[in-house]
Every structure is written in C-alpha cells, then in structure tokens.
Peer 1: 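Let me begin by handing over the structure; questions about it come next.
Whatever order the structure lists ligands and atoms in, that order sets their numbers, starting from 1. The residues of the chain are indexed from 1 along the displayed sequence.
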Amino acid sequence: MINVTKTYLPPLDKYKNYLEKIWGNSWVTNRGPLVHELEQKLKEYLGIKNILFVSNGTIALQIAIKALDLEGEIITTPFSYVATTTSILWENCKPVFVDIEDKTFCIDSSKIESAISSKTSAILVTHVYGYPCDVEKIKQIADKHNIKVIYDAAHAFGTKYKGSSILNYGDISTLSFHATKLFHTIEGGGIVVNGNDELVKKVFLYHAFGHMDEDYFTVGINAKNCEFHAAMGLCNLPEVDTTIDLRKEIALLYDEHLLPLGLKRPVLNDKVEYNYAYYPIVFPNEALLLKIKNKLEENNINTRRYFYPSLNTLNYLDGSVCRVSEDISKRVLCLPFYHELNKSDVNSICKIIKTALS
Ligand SMILES: *Cc1c(COP(=O)(O)O)cnc(C)c1O
C-alpha cells in the first residue's frame with residue numbers, strides 16, 4: 001500500500017542514544033536539556049530569533065491569539081486545516097473568511113481591506129502547502145489598520161522568502177511538528193514571536209501555567225513538550241535538507257507527467273525557496289477527482305482531499321461565501337508525497353491518472 005505520507009523515522013540506534021541521555025539526566029519533561037538543545041538548533045537552522053517548543057500546532061495558535069489579546073473578529077482563510085478556524089472559535093473570536101487567490105491558494109490580500117470592520121483585531125492566515133502568503137501587502141494592511149498578524153506556518157517549515165525564513169513575518173508565526181509534517185517530533189509545535197521581549201515572556205508564561213518558579217503572573221495553560229519528543233526532533237532535524245531535496249525530485253517527476261495533461265498546480269513566486277511540503281493537484285471537476293481517487297484506492301494508493309471542505313462551509317458556522325476556495329477545495333487532491341516514494345510508484349500513480357482522464 002502507498003500512503004499519502006510516510007513519517008520519517010530515524011535509525012533506532014540514533015534515538016536510543018538520546019534515550020540514554022534522558023536516562024542519564026533523569027530529566028523527562030519541564031524544559032530539560034534536550035528541549036533547550038532542540039530550540040537552539042531550530043533557531044540556527046531556520047534563521048529566527050526565538051522559538052518556543054510546545055506540545056502541538058493547535059495550542060500554538062491558541063496561545064498566539066491569547067497572547068496578542070485578540071477579540072472580536074479575526075480575518076482568516078477558508079482554505080486551511082480545520083485547526084486554523086477552530087482555534088479562533090476556541091478563543092471566543094469570530095472568524096471572518098476572505099477568499100483565496102487562485103494562483104497560490106493563500107488568502108487574496110486584495111480582498112482583505114474590505115472585510116475589516118471596527119471589530120477586527122487581527123489577520124490569521126496560513127502559508128498553504130508551504131507557499132507563502134503575500135506577507136508584504138498583509139503587513140501594510142495590518143499597520144494601516146493597527147491590527148495584528150498571525151501566520152499559521154504549520155506547512156512552511158524551511159520555506160524562505162527573499163532569502164530569509166518566512167517565520168520572520170507576522171507578530172507571531174506558529175508551527176506544527178506533527179508526524180505528518182515535513183519536520184516532526186511525533187507530536188509538537190513551535191511559537192515564533194516577532195514582537196518585543198514582553199510578548200516573548202507572555203507567550204512563555206501562557207505555555208506553562210502562568211508562573212515561573214514561585215512567582216505567579218497570570219492564567220496559563222500546559223503546552224509544554226517533553227524530552228522524548230525533543231529527542232525525535234534532534235534526530236530528524238539534520239535530515240531535513242536531504243528530505244527536501246528528495247521531495248523536490250519527486251515533485252519534478254510528478255510535474256513531468258501531470259502538467260502536460262493540463263492539470264493545475266499552485267504557482268510559486270520567484271522570490272520563494274520552497275520546502276516541498278505537499279504535492280497538491282487540481283482536477284477539472286469534482287467528479288473526475290472522485291473517479292481518480294477511487295481508481296487509485298483500488299490500486300492501494302491513498303490520496304487525501306486536503307483541504308476539503310472549504311472552512312467557511314463548516315456546518316457550525318454561519319455560512320459566508322468564498323467562491324474560489326469552495327471551487328478549489330472540491331477539485332484539489334494531495335498525491336502520495338514523501339522522501340522514500342519510489343520513482344516507479346510515481347510513474348504508476350501518474351499512469352492511473354492519465355488513463356482515468358483520457
Ligand atoms: C497540522 C496543522 C495544524 C495543527 O497542528 P497540530 O500539531 O496537529 O495540532 C494547524 N494548521 C495547519 C495548517 C496544519 O496543517
């Protein structure tokens with residue numbers, strides 16, 4: 001069976017070395033030495049000033065919303081994983097959906113301003129599949145209206161814009177290190193703060209019960225991660241560059257087969273160094289997508305309708321309309337994509353697609 005993704009697992013001995021360190025230190029959680037080491041190495045690898053290693057990417061979003069004191073309406077994208085929307089709702093704010101661009105599948109920045117009201121406190125948007133949002137335009141709009149920006153960068157680990165990490169944009173960027181992501185710690189996430197020291201401290205306090213030692217400052221939650229997850233991250237981080245190179249080769253092979261069929265892909269801006277996080281492809285209509293998804297399944301090949309449905313249509317929301325997002329989400333399919341995927345498997349996947357389309 002070929003799955004849509006396959007988690008990178010390091011050689012077992014490498015992980016065992018870290019387990020021996022953990023046993024030696026007798027320190028398993030509460031910001032032990034491996035958590036510190038991982039944060040340090042992530043800062044160096046990504047070229048960012050700070051990062052807090054937390055338990056997952058969803059709590060990272062929730063803490064970001066809380067630390068920026070957001071309330072009222074938050075402008076967001078309908079084309080993302082459901083956690084982007086539910087974190088807003090969980091923090092008692094109202095998501096206001098702005099449609100996406102049909103080129104990058106990220107929020108259409110030209111439509112943001114008309115959605116801003118007196119209640120808008122922030123823009124929270126996703127660098128979808130690792131393709132950056134229009135970060136410069138979004139900063140301009142946020143500055144003009146004095147509102148905050150949070151980037152859900154769960155897909156954007158390693159993506160660079162104009163030579164620097166995409167995580168350096170926004171008041172806060174959040175990451176997910178879930179097992180299905182490009183870089184993972186099994187479960188885990190990160191918070192990158194681009195604000196002042198006060199904001200950095202606030203985020204830190206919120207992630208660990210609101211206190212430091214015996215000084216109690218505020219209400220916090222438990223978003224700490226532990227030594228075992230940090231150890232997985234330390235094993236995986238040195239392999240990320242190789243993983244990205246292998247993924248790039250696979251993406252180019254898919255392109256070679258599929259682009260001549262007239263199928264649509266999100267378009268990369270030439271100022272972007274891409275991380276090859278996913279391989280989404282858009283079919284001419286939903287019926288064809290379903291036909292191809294089923295044909296692939298008959299051959300034990302799993303794909304994922306990522307993202308479907310468009311988040312503005314969730315049944316617990318009041319149903320705004322986002323035509324582009326609704327259209328793309330019905331037609332987009334993520335194909336199997338991981339470092340170990342064989343070229344011959346890519347060839348057979350493409351052959352099945354080609355036959356189904358003809
Ligand atoms: C994976 C993901 C999340 C959630 O991250 P978890 O670590 O699974 O909580 C949030 N947003 C996006 C866009 C994601 O892909």
Peer 1: Considering only the protein, which heavy-atom contact is closest to atom 3 (C) of ligand 1, and what is its distance?
Peer 2: Tyr81 CD2, 3.8 Å
Peer 1: Could you check whether any heavy atom of Ser80 sits closer than 4.0 Å to an atom of ligand 1, since that is the contact criterion I want to use?
Peer 2: yes
Peer 1: Taking only heavy atoms of Ala83, which atoms of ligand 1 are found under 4.0 Å from at least one of them?
Peer 2: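 Matching atoms, with element in brackets: 10 (C).
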Peer 1: Please classify the Tyr129 to ligand 1 contact at 4.0 Å (heavy-atom distances, strictly less than): side chain, backbone, both or neither.
Peer 2: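 It is neither; nothing of Tyr129 touches ligand 1.
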Peer 1: I'd like to know whether the aromatic ring centres of Phe307 and His155 sit less than 6.0 Å apart in this structure.
Peer 2: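 Centroid separation for Phe307 and His155: below 6.0 Å.
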Peer 1: Among the heavy atoms of Tyr306, does any lie under 4.0 Å from an atom of ligand 1?
Peer 2: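 Under 4.0 Å: yes for Tyr306.
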Peer 1: If hydrogens are left out, which of His178, Lys181, His127 has an atom nearest to atom 2 (C) of ligand 1, that is, the closest non-hydrogen atom?
Peer 2: Lys181
Peer 1: Where does Asn56 meet ligand 1, judged by heavy-atom distances below 4.0 Å: at the side chain, the backbone, both, or neither?
Peer 2: both
Peer 1: Share the residues that join Val267 in a hydrophobic cluster, the rule being Ile, Leu, Val, Met, Phe, Trp or Tyr side chains under 4.5 Å apart at the heavy-atom level.
Peer 2: none
Peer 1: Within less than 4.0 angstrom of ligand 1, does Glu187 place any heavy atom?
Peer 2: no
Peer 1: Taking a hydrophobic cluster as the set of Ile, Leu, Val, Met, Phe, Trp and Tyr residues connected by side-chain heavy atoms closer than 4.5 Å, whether directly or through intermediates, do Leu167 and Ile172 fall within one such cluster?
Peer 2: no
Peer 1: Using a 3.5 Å cut-off and no angle test, enumerate the donor-acceptor pairs between side-chain atoms of residues 47-56 and protein atoms at least two apart in sequence or in another chain.
Peer 2:
unit_1: Asn50; atom_1: OD1; unit_2: Val193; atom_2: N; d: 2.9
unit_1: Asn50; atom_1: ND2; unit_2: Val193; atom_2: O; d: 2.9
unit_1: Ser55; atom_1: OG; unit_2: Ala223; atom_2: O; d: 3.4
unit_1: Asn56; atom_1: OD1; unit_2: Thr58; atom_2: N; d: 2.9
unit_1: Asn56; atom_1: OD1; unit_2: Ile59; atom_2: N; d: 2.8

